[in-house]
Amino acid sequence: MPVKGELLLYVLSGMAICYLSSAFAKMIAVIALLIWYAYFHAHSTICFLLFLIGVCFWIQPSAVQKMKDVVQVVAVHADYAIVSDGKTQGIAYGLDDVNYDEVLRLTGTWKPITSLQNFYGFSFAKWCNRRGIYEQWQGTYEKIAAKDTLRSRLYAHVQKLPKNARSYVSGFLFGALKRSDDLAYLMQAGGFHVSALFLFLRRFIARFSVKHARFLAYLLGFLLVSITKESAAIQRVLVFEFVACLPIENQKDRFAFAVLLSVLLFPYLLYEYGFLLACSIRMIFLFVQGRWKQRIMLWAVLIAFQLFAFYECSLLQLLLFPLYRRIFAFAYLFAWGIVFFPLLGGLAGAMEVVLKWVLSWPNDLLSLSGKPSFLWLLLWGRTIAYLIKHTEKKSMIKAMMLLAVFPYQAYLHPFGEVMMIDVGQGDCFLFTLPFHQGTMLIDVAGSLYKNIPEQTLQPILKAKGIDVIDIVVVTHDDYDHSGGLQELKEIVRVKQVIDAYQPTVALGKQLWYMPMDTSAYDNENDRSLLLYGQLGKHRYLFMGDAGIAVEEELMRRYPQLDCDVLKLGHHGSHTGTSSLFLQQVNPQMALISAGRNNRYGHPHEEVLSRLQSYAIYYQNTAEKGALRIYYTPWFSFFVNSAHEFGFLK
């Protein structure tokens, strides 16, 4: 075992290597760090070598194995269940009345897990893949056997509770809480409420048995949470509490061993903000001396994590973080109280109201929104470190200034941007002028299954610091183009909605043109508003859902019309994008917004063949996810959520 906490340095280096994308890059980093540590820490080279070699293999994804039809239920969520065939796990939909540990025979087809791929957004597919879950299923099923376990008994008992009590208890014990508040989500994801409960148990038991307080608290806590050990936060807390019982004297070595053991058992924790935040907070108390210095560092880390993970934070909420931790610990303990004393379930609704009120009343006070730039994070970290070391008023003033200028980062961005948002089978394009001088949306897709503006658009708007949209252009009244308009107005202020023909649309100093009035067409798709404009040195043409008839009229009126970027009509359907139209407008890039495995077959093969025959590069959200085109007066470049990069000529 390395001495004086050197294991912590090794573990942190290994964790950093895990984030490298390829095995080759990891091996290069291993060799470089190994040489450095061997030179300065020769006595611990063997330990470090074994650790880093292990890192290169455990974090690499294992081979994807095909799921079998006979599975066991591992976890039950509101919309899906996680099942296992003994070797690998999958996501199963439509299991309405199953319990934990039941054995099922599934009839249907296993398919790869897919989800929307957007900048700043949560990717369910990535979340699953990091846990070794690659396939999803939907069909019919048959129950083969039911195992009688403590967890299945608990879940069955919870399902018999009244509705309000059932949702409350399921949220806290089985991790089914909805992500309605970022701080609440972070509190649960980090397991801070559970760790607070362990601390309370230790102090309570210490009154009767000081020598065995930690061990007895761990056993009691293990009985409470092991039944619902599905939660990553609870897994982390259990591992840390277990290591705390081991005879390791050095606190830094103990912490490093706990981190190492957690990542070895659950590699996906490396990508969990809650785990990283919990580790960061623990390191503060290990390395920062002095109570007020620890509080300043804790506050600074919480601000950075909130902004980086959720693109907003309330400074007053973060000041009350220790109080929230105790409140959530009590709420968690109250959930167990309902299990043992069902009469308490009548108070579950009141408890939820109290939690919502506690989390919401200071939310808008001293709040920040936006994604911090790398430069801001660097300056923030340097300022806080200097403040802790030197305790000067100048450093405190600098920290306050950094917080004050944070909301204005967007006004320093010199690039304009066109973002094709992945909304599935629908359209939504976000335009941002340079230096945050204006924003516009073309179409706001709606969905019968989820709130697209809230779940997909809101994280993007928060990250970009957009709280007002100047113009929303609704090309036509199809639900996949206009259905999310009302939901959008509920989350952000919209100054102007344009849903009828007008010759020009002014966004700041930028003019967009509607080249023709399509209101006389009989077909709703052909009545789509068309937009044409120039951003930087390149011209853009958006066709809505317009078909070949509109294209022919457009070519007749404007025989010299051309563009550099063409948004294909009707999601790449064969009803539009004719060969003659492509020959005339001659774009170098085509944009297609379509849903994965959509029932319409968009984009159609013949349209894609035409694009290829004319050497037109295309981006399809169903394949590559969202797309960003940055423009300046001199050049434009693009990047998609699949990390492909290129320049427009």
Partner residues of Ser482 under the side chain to side chain contact (heavy atoms under 4.5 Å, CB included) criterion, sequence neighbours left out:
Val474, Asp477
[atom1]/[X] to [atom2]/[Y] distance, rounded to the nearest 0.5 angstrom?
X	Y	atom1	atom2	value
Leu457	Glu487	CG	CD	10.0 Å
Glu606	Ser613	CD	OG	12.0 Å
Leu591	Lys567	CG	NZ	9.0 Å
Gln136	Ile91	CD	CD1	8.0 Å
Arg610	Leu568	CZ	CG	10.5 Å
Thr439	Met419	OG1	CE	12.0 Å

Name of the residue among Ile452, Asn451, Val497, Val494 meeting side chain to side chain contact (heavy atoms under 4.5 Å, CB included) with Leu488
Val494
side-chain hydrogen bond (donor to acceptor under 3.5 Å, both in side chains) partners of residues 404-414, not counting sequence neighbours, each pair once
Ser373-Gln409
Grab the two heavy atoms, one from [X] and one from [Y], that are nearest each other, plus how far apart they are.
X	Y	answer
His571	Ile592	O-CG2, 3.6 Å
Ser573	His602	CB-NE2, 3.5 Å
Ser262	Phe275	CB-CE1, 4.0 Å
Met543	Leu566	CG-CD1, 3.8 Å
Met440	Ile469	CA-CG2, 4.5 Å
Thr577	Gly569	OG1-N, 4.1 Å

Ignoring hydrogens and angles, tell me if any N or O in the side chain of [X] forms a donor-acceptor pair with the backbone of [Y] under 3.5 Å.
X	Y	answer
Gln510	Gly508	no
Tyr311	Gly465	no
Glu312	Ser369	no
Asp526	Gly547	yes
Asp478	Glu524	no
Tyr558	Pro515	yes
Asp480	Ala445	no
Glu135	Met67	yes
Ser123	Asn118	no

[atom1] ([X]) with more than 12 external heavy atoms under 6.0 Å:
X	atom1	value
Phe308	CZ	no
Tyr600	OH	no
Tyr120	OH	yes
Glu490	CD	yes
Met400	CE	yes

In sequence, state the C-alpha distance, the side-chain angles, and the governing distance for Glu417 and Lys464, and then conclude on side-chain contact (heavy atoms from CB on, under 4.5 Å).
CA-CA 11 Å; Glu417 181 182 336; Lys464 295 174 71 63; 2.8 Å; yes
Side chains of [X] and [Y]: closer than 4.5 Å at any heavy-atom pair?
X	Y	value
Tyr479	Leu448	yes
Ile384	Trp299	no
Phe635	Thr632	yes
Asn640	Met420	no
Thr432	Leu430	yes
Ile303	Leu403	yes
Arg596	Asp422	yes
Tyr618	Gln612	yes

For side-chain contact (heavy atoms from CB on, under 4.5 Å), just list the numbers for Val639 and Tyr630, CA-CA rounded to whole Å, side-chain angles, deciding distance to a tenth of an Å, and then say yes or no.
CA-CA 9 Å; Val639 61; Tyr630 295 97; 4.1 Å; yes
Would Tyr631 and Phe431 count as a ring-ring contact (aromatic ring centres under 6.0 Å, His included) here? Give the steps.
CA-CA 11 Å; Tyr631 67 88; Phe431 297 78; 8.8 Å; no
Please report whether the ring centroid of Phe638 lies less than 6.0 Å from that of Tyr617.
yes
Is the gap between the ring centers of Phe406 and Trp380 under 6.0 Å?
no
Pairs flagged by ring pair (Phe, Tyr, Trp, His ring centres under 6.0 Å) wherever residues 443-472 is involved - sequence neighbours left out:
none
For the pair Phe637 and Phe647, name the ring-plane relationship: parallel under 30°, tilted 30 to 60°, perpendicular over 60°.
tilted
Parallel, tilted or perpendicular: which one describes the rings of Phe542 and Phe429, with boundaries at 30° and 60°?
perpendicular
Criterion side-chain contact (heavy atoms from CB on, under 4.5 Å) on Thr475 and Asp427, from CA distance to verdict
CA-CA 10 Å; Thr475 59; Asp427 273 10; 5.9 Å; no
Could you walk me through whether Asn129 and Tyr134 pass the side-chain contact (heavy atoms from CB on, under 4.5 Å) check?
CA-CA 5 Å; Asn129 293 165; Tyr134 299 98; 3.3 Å; yes
